[in-house]
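Everything below concerns the one structure shown next.
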There are 2 protein chains.
Amino acid sequence: MTGVLVVDDDPYLLRALRITLRAHGYDVTVAEDGRAALAAAARTTPALVILDLGLPDMDGVEVLAQLRGWSQVPVLVLSARHGSADKVQALDAGADDYITKPFGLDELLARLRALRRRSVDDAEPPLVATDAFTVDLGKRRVTRDGEDVRLTPTEWKMLEVLVRNREKLVTQQQLLSEVWGPAYAKETNYLRVYMAQLRRKLEPDAAAPRHLLTEAGIGYRFLT
Amino acid sequence: MTGVLVVDDDPYLLRALRITLRAHGYDVTVAEDGRAALAAAARTTPALVILDLGLPDMDGVEVLAQLRGWSQVPVLVLSARHGSADKVQALDAGADDYITKPFGLDELLARLRALRRRSVDDAEPPLVATDAFTVDLGKRRVTRDGEDVRLTPTEWKMLEVLVRNREKLVTQQQLLSEVWGPAYAKETNYLRVYMAQLRRKLEPDAAAPRHLLTEAGIGYRFLT
DNA sequence: GCGGATCTTGATGAATCCTTGACGCCGCCC
DNA sequence: GGGCGGCGTCAAGGATTCATCAAGATCCGC
């Protein structure tokens, strides 16, 4: 099932979209502000995002920019404004399509189909393997020596964020806000505790990690 | 150079688009009917196609369908009709975007950029290479002889500022205020200490640097 | 309500990083 | 030649950050 994240502050539109999209076979998640949207995107990893630019807590373009920091998910931007400056700004910030309110639902659905059609090509296999363990992002499973490794929800979320950003350095703030929420951006203790647990469960030698690396003072990095 | 095929039967619009797109660095081919469009697409294999639905010899949707028989090139559809049925039809026939006339040229250009960004596969990696080492600004990573180089946060920040201003001279004040903050504009010996560390880690011969150069009395400069 | 799993929290020693000062070299001007 | 300022190098200290452990607190299914 195709997951769609709908971000809008208008409860009526949200409701209408949820019903329509569900009727057309999408698995819908909703968010009413930018903060919730970013959290939901990290949690549910949708295949498509519909983003209204007018949000109560932050600018839609800012939401888009932050999302683009770690995700390539296709984004369809909604806006009430017809000005071409807004369109240009949103498209250059990383939006894949732009549609102005009011719009027809059939057009919206057609644009979603067009976006999805394009993204299936570069859909990566959600399977990441190292010489010590294998992570299946789709099935939410980790295997080591052919055996399933049992991870707690928090351990899994943390590993997921790191694996989705493989090779890349993930800052402590990024990890904390995607796993625990933005309010926990100072609790770097959590990272140490859970990183130690992940290493104990996954690394051949937890004292000399080769896949879950520490970048002192900045964050962590996952290498295959 | 990015090749664009523009298909329209209006000679004035064709001319305007050709001039504008060329001015923005595209390599433009034009066609005035569907038949010529398909032939041109096969011949020039453009990176983008702009297709007007109103053509003299055949229906634009039909052109699109035939094109999709063998090519995945991103197609931006132009149309004078605002009806949503046309949009739905075009998008489901394989169009990647849809824009109605009249349209702003800046919006068209923005949509082209968005299309290209998606198709050209994950954009250009922000990667800066010298013959001795490679800096990946996106992944926050430095490689030398295939091995990761371990940099401290301060070393990285300093290198980042220099690399972002590659070829250009970065003054001591600029470096100090971007890495340590404006209050440290006098602590030029910090620069000496960290520049020495960077050279030791990155330069083949730290005593005769070829990429991290000193401009005596002024600042430093990074050369590839 | 019970028991087990999971999540917080605090404390400790170890490792890493930043700062600071001292020293010598080099080029330039007096 | 001597003085001077800018630069490169080195090493030690103190501060910050990290890994690890263990003891409560909390959540959840039964």
Side-chain angles (χ1 to χ4, degrees), chain A residues 140 142 148-162 169-181 183-222, chain B residues 140 142 148-162 169-181 183-222:
Chain A
R140 219 180 161 89
V142 184
D148 272 17
V149 179
R150 176 169 198 79
L151 295 185
T152 74
T154 306
E155 287 164 6
W156 170 259
K157 271 192 233 167
M158 190 157 148
L159 179 63
E160 190 183 17
V161 173
L162 286 167
L169 192 150
V170 183
T171 65
Q172 305 177 70
Q173 283 67 24
Q174 196 179 343
L175 259 179
L176 285 165
S177 71
E178 291 198 23
V179 176
W180 282 270
Y184 291 73
K186 294 273 171 64
E187 308 284 351
T188 56
N189 256 3
Y190 292 11
L191 297 180
R192 287 195 276 282
V193 172
Y194 279 90
M195 184 57 67
Q197 288 175 0
L198 278 178
R199 281 169 178 159
R200 201 159 42 238
K201 291 184 178 181
L202 300 177
E203 289 276 4
D205 179 5
R210 290 186 302 145
H211 306 104
L212 298 167
L213 307 181
T214 301
E215 301 274 351
I218 316 176
Y220 294 87
R221 186 198 305 271
F222 168 76
Chain B
R140 202 164 179 158
V142 184
D148 275 16
V149 180
R150 176 167 284 277
L151 296 184
T152 73
T154 306
E155 287 164 5
W156 170 261
K157 270 192 241 167
M158 191 157 150
L159 179 63
E160 190 182 17
V161 172
L162 288 168
L169 175 68
V170 183
T171 66
Q172 299 177 347
Q173 282 67 25
Q174 195 179 342
L175 259 178
L176 285 165
S177 73
E178 291 205 30
V179 176
W180 282 270
Y184 291 72
K186 295 272 173 63
E187 309 283 351
T188 57
N189 54 337
Y190 287 13
L191 297 179
R192 287 196 283 282
V193 172
Y194 280 92
M195 185 58 67
Q197 288 176 359
L198 278 179
R199 282 170 178 158
R200 197 160 45 239
K201 291 183 178 182
L202 300 178
E203 290 277 4
D205 179 5
R210 291 186 300 146
H211 306 104
L212 297 166
L213 308 181
T214 300
E215 302 275 350
I218 312 179
Y220 295 87
R221 185 198 306 270
F222 168 76

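Just so we're on the same page: letters track the sequence lines, and every chain starts at 1.
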(message) Would Q174(A) and Y220(A) count as a side chain to side chain contact (heavy atoms under 4.5 Å, CB included) here? Give the steps.
(response) CA-CA 10 Å; Q174(A) 196 179 343; Y220(A) 294 87; over 6 Å; no

(request) Nearest whole angstrom, please: distance from the C1' of dC18(D) to the OH of Y194(A). (result) 18 Å

(request) Taking side chain to side chain donor-acceptor pair (under 3.5 Å) as the test, write out the residues that go with R221(A), two or more places apart. (result) E215(A)

(request) If a protein heavy atom is under 4.0 Å from the base, mark B; if only from the sugar-phosphate, S; if neither, -; do that for nucleotides 7-14 of chain D going 5' to 3'. (result) BBBB----

(request) Sugar-phosphate atoms are those with a prime plus P, OP1 and OP2; base atoms are the rest. Using that split, label each nucleotide of nucleotides 25-30 of chain D B, S or - for protein heavy atoms under 4.0 Å, 5' to 3'. (result) ------

(message) So, using side chain to side chain donor-acceptor pair (under 3.5 Å) as the criterion, who are the partners of D148(A) when residues are at least two apart?
(response) R141(A)

(request) Any chance you could measure M158(A), atom CE, to L176(A), atom CG, to the nearest 0.5 Å? (result) 8.5 Å

(request) Please examine the side chains of L212(A) and F222(A), heavy atoms only from C-beta on, and report whether any two atoms are closer than 4.5 Å. (result) yes

(message) Distance check, rounded to the nearest 0.5 Å: L162(B) atom CG versus L169(B) atom CG?
(response) 10.0 Å

(message) Need two values: the first and the last nucleotide of DNA chain C, 5' to 3', having an atom under 4.0 Å from any heavy-atom of chain B.
(response) dC17(C) to dT20(C)

(request) Only counting residues at least two apart or in another chain, list the ones meeting side-chain contact (heavy atoms from CB on, under 4.5 Å) with E160(B). (result) L137(B), W156(B), R164(B)

Side-chain donor-acceptor pairs under 3.5 Å in residues 185-196 of chain A, sequence neighbours left out?
residue : atom : partner : partner atom : Å
N189(A) : OD1  : R192(A) : NH2          : 3.0

(request) Sequence neighbours left out, what passes side chain to side chain donor-acceptor pair (under 3.5 Å) with T214(A)? Give chain and number order. (result) R199(A)

(message) Counting C-beta onward and ignoring hydrogens, is there a side-chain heavy-atom pair between I218(A) and R140(B) closer than 4.5 Å?
(response) yes

(message) What is the distance, to the nearest angstrom, from the CG atom on L212(A) to the P atom on dT20(D)?
(response) 12 Å

(message) What's the separation between atom CG in L198(A) and atom OG1 in T152(A), rounded to the nearest 0.5 Å?
(response) 8.0 Å

(message) Going by side chain to side chain donor-acceptor pair (under 3.5 Å), name the residues that satisfy it together with E155(B), two or more places apart in sequence or in a different chain.
(response) K201(B)

(message) Test of understanding: with side-chain contact (heavy atoms from CB on, under 4.5 Å), list the residues that count as partners of P204(A), not counting sequence neighbours.
(response) A132(A), R210(A)

(message) Is the shortest side-chain heavy-atom distance between E203(B) and H211(B) below 4.5 Å?
(response) yes

(message) If I compare all heavy atoms of A216(A) with all of P153(B), which pair ends up nearest, and what's the gap?
(response) O-CG, 3.3 Å

(message) Angle between the two end axes of the helix from dG1(C)-dC30(D) to dC17(C)-dG14(D), five base pairs per end, rounded to 10 degrees?
(response) 30°

(message) Please give me every residue in residues 148-157 of chain B whose heavy atoms get under 4.0 Å of an atom in DNA chain D, ordered by residue number.
(response) none

